[in-house]
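Reading through the structure tokens given below for one structure.
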Amino acid sequence: MTPLRTERLLLAPLDAGDRDAFVAYRRDPDVARWQSWTPDFSADDAGRLLEGQPAGFPPPAGEWLQIAVRDAASGALLGDVAVHTSADQPDTYEVGVTVAVEHQRRGIAGEALGAVVAALFDHHKAHRVTATSDQKNTAVARLLTALGFRHEGRAVEADWFKGEWTTLDSWAILARER
Ligand SMILES: CC(C)(COP(=O)(O)OP(=O)(O)OC[C@H]1O[C@@H](n2cnc3c(N)ncnc32)[C@H](O)[C@@H]1OP(=O)(O)O)[C@@H](O)C(=O)NCCC(=O)NCCS
């Protein structure tokens, strides 16, 4: 993957050198609450994930790629953007984003996810990019709305997630909507 640069950030695949910072923010309960992992996410879990990363961007059909979001000046890991290539539909991707709590509310997620979505549409002929969120997650709803995602569905109490029925919002943006 050719690194993506924005005003403040450098985006490139997560690598072994990111492991400790990656584990630190994944173990934060305020981050893990909204994601598929739990606060006991370990260095071994991270090692397996990093070793299994696909090489290219976008990743092969059916696979996820975790892209490191780094401070362009210091190189510090601030979070990551995840991209999944649909195995069922051509030119269709799903995205997710995580920012370490100490770096949240500075527009980092917007800048990083915006750059990845732009790369998918502008350089990889994406037709549709989607995201899914927990209805209670107001931060990600605001983020996706600001990036131009359309709220296209709500599955009410559809997912038994971390001990409760969770309502899922689905979001999408099409190439022709940009
Ligand atoms: C969602 C998340 C990625 C946002 O990261 P961020 O860098 O703080 O986001 P930004 O600073 O770019 O802000 C994006 C929008 O979210 C809003 N926002 C950020 N944190 C918020 C919070 N805790 N509560 C309410 N709104 C919040 C911002 O105000 C902004 O909205 P606006 O443009 O209408 O003002 C971050 O909170 C996070 O990593 N959360 C845990 C993991 C997660 O929920 N990931 C998404 C799963 S799909």
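Everything numeric in this text was worked out from a predicted model, so none of it was measured. Both ligands and their constituent atoms are indexed starting at 1 by order of listing.
Relative ring orientation between W64 and H84 is described as tilted, the plane-to-plane angle lying within the 30° to 60° band. Between W165 and W160, the two ring planes are perpendicular [angle over 60°; tilted spans 30° to 60°].
Counting heavy atoms from C-beta outward, V69 and V81 have side chains that approach closer than 4.5 Å.
Ionic pairing of D122 and R178 is present here: one or more N-O contacts between side-chain nitrogen and carboxylate oxygen are shorter than 4.0 angstrom.
Both the sub-6.0 Å distance and the 45° axial angle are not jointly satisfied by R27 relative to the ring of F41.
Outside the 6.0 Å centre-distance limit, the rings of H127 and F121 are not counted as a close aromatic pair.
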Between the protein and ligand 1, are there any N or O atom pairs that come within less than 3.5 Å of each other, and if so, what are their names and distances?
from     : atom 1 : to   : atom 2 : distance (Å)
ligand 1 : 7 (O)  : A109 : N      : 3.0
ligand 1 : 8 (O)  : R105 : N      : 2.6
ligand 1 : 11 (O) : R106 : N      : 3.4
ligand 1 : 11 (O) : G107 : N      : 2.7
ligand 1 : 12 (O) : G110 : N      : 3.0
ligand 1 : 16 (O) : A139 : O      : 3.2
ligand 1 : 31 (O) : R142 : NE     : 3.2
ligand 1 : 34 (O) : R142 : NE     : 2.9
ligand 1 : 34 (O) : R142 : NH2    : 2.9
ligand 1 : 35 (O) : R142 : NH2    : 3.4
ligand 1 : 37 (O) : Q104 : OE1    : 3.4
ligand 1 : 39 (O) : V99  : N      : 2.8
ligand 1 : 39 (O) : V99  : O      : 3.3
ligand 1 : 39 (O) : Q104 : NE2    : 3.4
ligand 1 : 44 (O) : N137 : ND2    : 2.8
ligand 1 : 45 (N) : Q35  : NE2    : 3.3
ligand 1 : 45 (N) : V97  : O      : 2.8

